[in-house]
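To start, the structure under review is shown below, and the notes come after it.
Every chain is numbered from 1, with letters handed out A, B, ... down the list of sequences.
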There are 2 protein chains.
Amino acid sequence: MIDKAIQALTEPRRRDILHLVRYGELTSSAIASHFDVTAPAISQHLKVLEEAGLVVVRRAGTKRFYGIRREGFTELMHYIESFWDDSLMRLKEAAEEEERRKHDHNQQQ
Amino acid sequence: MIDKAIQALTEPRRRDILHLVRYGELTSSAIASHFDVTAPAISQHLKVLEEAGLVVVRRAGTKRFYGIRREGFTELMHYIESFWDDSLMRLKEAAEEEERRKHDHNQQQ
DNA sequence: TTGTTATTTAATTTGACACTAAATTAAGCG
DNA sequence: CGCTTAATTTAGTGTCAAATTAAATAACAA
């Protein structure tokens with residue numbers, strides 16, 4: 001799913017769509033009206049975003065309202081953290097080791 | 001730069017590279033040895049990652065050591081938050097309002 | 001300088017994907 | 001049912017990017 005989420009964010013137009021629905025649900029056509037591409041193009045983007053778990057759709061009659069799926073973004077955040085919070089941990093450990101060394105040094109004096 | 005960072009993360013192989021250098025710097029060839037693609041392919045991936053601000057390179061003789069650039073990832077985190085932290089903020093404010101209401105209630109007792 | 005190692009650049013092929021137009025599904029209304 | 005609206009699916013096309021081979025650069029050692 002993470003793979004799909006990152007893949008989905010690749011396309012600038014899909015990121016624009018996400019920013020559009022950030023504050024509330026919008027229909028497919030309402031979203032399409034903000035762009036100069038055809039409705040099918042937007043529909044395809046929405047499908048990608050939905051399969052990536054970044055948006056949810058709510059059907060009401062012939063309309064479909066698209067909105068942000070927050071869990072999708074929290075998962076994404078955790079994944080991105082996986083690239084660097086370990087390095088932070090190492091820095092922290094190095095600092096503690098340094099601190100411990102200083103402490104031992106003081107005791108020897 | 002954010003565009004480039006997301007674009008860079010699209011490719012699964014580049015994400016694997018990032019996970020490889022997570023714990024410390026590695027040379028281009030050391031990285032390449034983990035994959036079944038040619039060295040030039042890895043070199044090109046590293047270039048993309050560098051231009052995206054996700055890795056830094058340190059030259060030492062004929063070798064080039066690649067390592068994580070943490071700031072690149074924090075920028076990315078902030079960008080991803082931009083899709084949903086507003087909703088979180090609203091939740092937080094609602095919670096605070098709830099808390100305030102409880103507090104007032106207690107004072108009244 | 002010549003050779004060797006480490007790595008990148010250049011040129012090319014191949015495959016993926018964003019777009020469009022046309023056809024299709026699905027819901028509601030006369 | 002037939003019509004309209006809302007939206008998607010399908011099929012075809014053009015563009016871009018990832019991989020490869022071959023050539024070039026860069027640092028060091030003999």
Look at the side-chain N and O atoms of B/Tyr66 and state whether any lies under 4.0 Å from the OP1 or OP2 oxygen of C/dA6.
-> no

Looking only at side-chain atoms of B/Ser29, point me to the closest of C/dA18, C/dA6, D/dA19.
-> C/dA6

Give a yes or no on whether B/Leu49 and B/Ile31 share a hydrophobic cluster (residues Ile, Leu, Val, Met, Phe, Trp, Tyr; joining criterion: side-chain heavy atoms under 4.5 Å apart).
-> yes

Minimum-distance nucleotide (side-chain atoms of B/Gln44 versus D/dT20, D/dT8, C/dA18) = D/dT20

Side-chain contact test, heavy atoms from C-beta onward, threshold under 4.5 Å: evaluate it for A/Arg15 versus A/Leu9 and give yes or no.
-> yes

Check whether any side-chain N or O of B/His45 sits under 4.0 Å from OP1 or OP2 of D/dA17, and answer yes or no.
-> no

B/Phe35 CZ to D/dA18 C1': how many Å, rounded?
-> 14 Å

Value in whole Å for how far the C1' atom of C/dA6 lies from CD of B/Glu25 = 16 Å

Among C/dA26, C/dA21, D/dT20, which is the nearest nucleotide to the side chain of A/Thr62?
-> C/dA26

d(CG, A/Leu9; P, C/dA18) in whole Å = 12 Å

Rounded to whole angstroms, how far apart are CD on A/Glu11 and P on C/dA16?
-> 18 Å

B/Arg59 has a side chain; which of D/dA26, C/dT7, D/dA7 sits nearest to it?
-> D/dA26

Looking at CE of B/Met1 and CD of B/Gln7, how far apart are the two atoms once the value is rounded to the nearest 0.5 Å?
-> 14.0 Å

Rounded to whole angstrom units, what separation is found between the NZ atom of A/Lys63 and the P atom of C/dG28?
-> 12 Å

For residues B/Phe35 and B/Arg13, determine if any side-chain heavy atom of one lies less than 4.5 Å from a side-chain heavy atom of the other.
-> yes

Would you classify A/Glu50 as touching base, sugar-phosphate or nothing, given that sugar-phosphate means primed atoms plus P, OP1 and OP2, and contacts are heavy atoms under 4.0 Å?
-> nothing

Side chains of B/Ile68 and B/Phe73 in contact at under 4.5 Å (non-hydrogen atoms) = yes

Atom-to-atom span, CG of A/Asp36 to C1' of C/dA18 - whole angstrom | 13 Å

Over 60° means perpendicular and under 30° means parallel, so classify the ring planes of B/His19 and A/Tyr79, tilted if in between.
-> perpendicular

Sorted by number, the residues of residues 13-21 of chain A with heavy-atom contact under 4.0 Å to DNA chain D = none

Reckon B/Lys47 has a side-chain N or O less than 4.0 Å from the OP1 or OP2 of C/dT9?
-> yes

Check the pair B/His78, B/Glu81 against side chain to side chain contact (heavy atoms under 4.5 Å, CB included), reporting the backbone distance first and the verdict last.
-> CA-CA 5 Å; B/His78 288 138; B/Glu81 276 172 346; 3.4 Å; yes

Is the shortest side-chain N/O distance from B/Thr38 to OP1 or OP2 of D/dT20 below 4.0 Å?
-> yes

Donor-acceptor pair, B/Arg58 side chain versus B/Arg64 backbone, under 3.5 Å?
-> no

For A/Ala60 and for B/Thr27, find the nucleotide of DNA chain C with the closest heavy atom, then tell me which residue's nucleotide is more 5'.
-> B/Thr27

Figure out the CD1/C1' separation between A/Ile42 and C/dC17, and round it to whole Å.
-> 15 Å

Rounded distance (Å) that lies between atom C1' of C/dA6 and atom CZ of B/Phe65 | 11 Å

Can you tell me if the side-chain N/O atoms of A/Gln7 get under 4.0 Å from OP1 or OP2 in C/dC17?
-> yes

Listed nucleotide nearest any side-chain atom of B/Ser43, set C/dT8, C/dT20, D/dT20 | C/dT8

